[in-house]
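Structure record follows, encoded as structure tokens.
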Amino acid sequence: MSLATPSASRRRYRVVQWATGALGRSAIRGVLERDDMELAGAWVHDPAKVGADAGTLAGRGPAGVAATGDLGEILDLEADCVLYAASPRPDRFAELETICALLASGKNLISLTGLVYPRAHGPLFVNELEQACKRGGASVHGSGVSHGFMADVMPLVLSRLSRRITHVYARECTDFARHPSRRLVHDLLGFGKDEETYLRALRRSRATMRALFSESLHLVAAGLGVDLDEIDVDADHRLAGADLTTAAGPIPRGTVAADRWTFNGIAAGRPVITVEIVHKADAARMPDEWGRPGYSLRVDGRPPLTLSAGEEWVCDAISAASAHALNSVPAVCGAAPGIRTYLDLPMISGRMHL
């Protein structure tokens, strides 16, 4: 039985942090700052972190919570919610067993790296999640900023001002010059690799990006009352014209330093939802091809609607993604057991600090 009962809502939410990369560390800091939450546990992938204090790992003072690499220890904890920030995998089924075990143990789960719309992965995936939620009396929700706001929630917010909508377009261009995660910048995006190595890994990268962003397209489609027939994925890349220095490590001249992913959701034989994702290793030292860092959104309807913002709109994407998840905790813990997307939950907002 989940701890998210009416009586539990009057006390502090006990939160477990799963994985302590850049996102996980930011989430821990957020939990420690809130008076309605307490850190109940922390799971780490790196054996060198096992036994370390979670607060110290997050750059804060000791929190009195030792990190563990043992799933069993996390399952045995009394906690309301798990903030799941494991690195995205190309095959979402690869992490399904762990996620289901956490849910079945009675812990609600908020993912910062997917599960925005689990139905995008088919009925088997959905059934496993729903059964685990039923066993534990828990809910599962996908949150975040990248693949969790401008590309799915914001189009639905904007669409309320238009009728007879024919197409939705969302674009995100991100500058990774200050992003600290080497795993993301070099391993997942492939920046700093020579072109041949990058192209050999492209099939795996394509699977990962499809797994992440197909959820966003399906969520927007569901919110607009459309069933997508398929999702077309196109990828392009550019090489660095000079040696670049980033927070995640150097990007040598002649290696991959930018990519553009275009996802088209197809219905009735044509694209109805398009999401364009551009990544740049160091936008200030690269050509303006594919646009400057920032966000844009267009809803083609009556009337047509356009929203655009520079990169300063979200000046710290990691902090914003963790805040988005933290602000979702009360709603997810209070929801009925099962898969709970943005279409199922009340509006989620932040908290005023006085």
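Atom set for the values below is all heavy atoms of this structure, side chains included, hydrogens, waters and symmetry mates excluded.
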Compare all side-chain heavy atoms of Leu83 with those of Val16 and state whether any distance is below 4.5 angstrom.
no
Can you label the angle between the Phe176 ring and the Phe191 ring as parallel, tilted or perpendicular, going by 30° and 60°?
perpendicular
Passes side chain to side chain donor-acceptor pair (under 3.5 Å), Thr274 versus Asn264? Steps please.
CA-CA 5 Å; Thr274 300; Asn264 280 299; 2.5 Å; yes
Would you call the rings of Tyr84 and Trp18 parallel, tilted or perpendicular if under 30° counts as parallel and over 60° as perpendicular?
parallel
Going by heavy atoms in the side chains, are Leu96 and Leu129 under 4.5 Å from each other?
yes
Can you list the steps and then say if Thr20 with Lys49 is a side chain to side chain donor-acceptor pair (under 3.5 Å)?
CA-CA 9 Å; Thr20 58; Lys49 294 181 179 180; 3.2 Å; yes
Tell me if a side-chain donor or acceptor on Asp344 pairs with a main-chain N or O of Thr341 at a distance below 3.5 Å.
yes
Are there over 12 heavy-atom neighbours, none belonging to Arg351, within less than 6.0 Å of that residue's CZ?
yes
Are Trp290 and Arg238 close enough that some pair of their side-chain heavy atoms sits under 4.5 Å apart?
yes
Is there side-chain contact between Leu212 and Trp261, with at least one heavy-atom pair below 4.5 Å?
no
Is Tyr13 close to Pro330 at the side-chain level, that is, under 4.5 Å between some pair of heavy atoms?
yes
Are there more than 12 heavy atoms of other residues, nucleotides or ligands under 6.0 Å from atom CZ of Arg270?
yes
Quick one: does Asp53's side chain have a donor or acceptor within less than 3.5 Å of a partner on Ala63's backbone?
yes
Other residues, nucleotides and ligands only: do more than 12 of their heavy atoms fall within 6.0 Å of CG on Asp227?
no
Is it the case that the side chain of Arg29 and the backbone of Ala58 share a donor-acceptor pair, with hydrogens and angles ignored and the cut-off at 3.5 Å?
yes
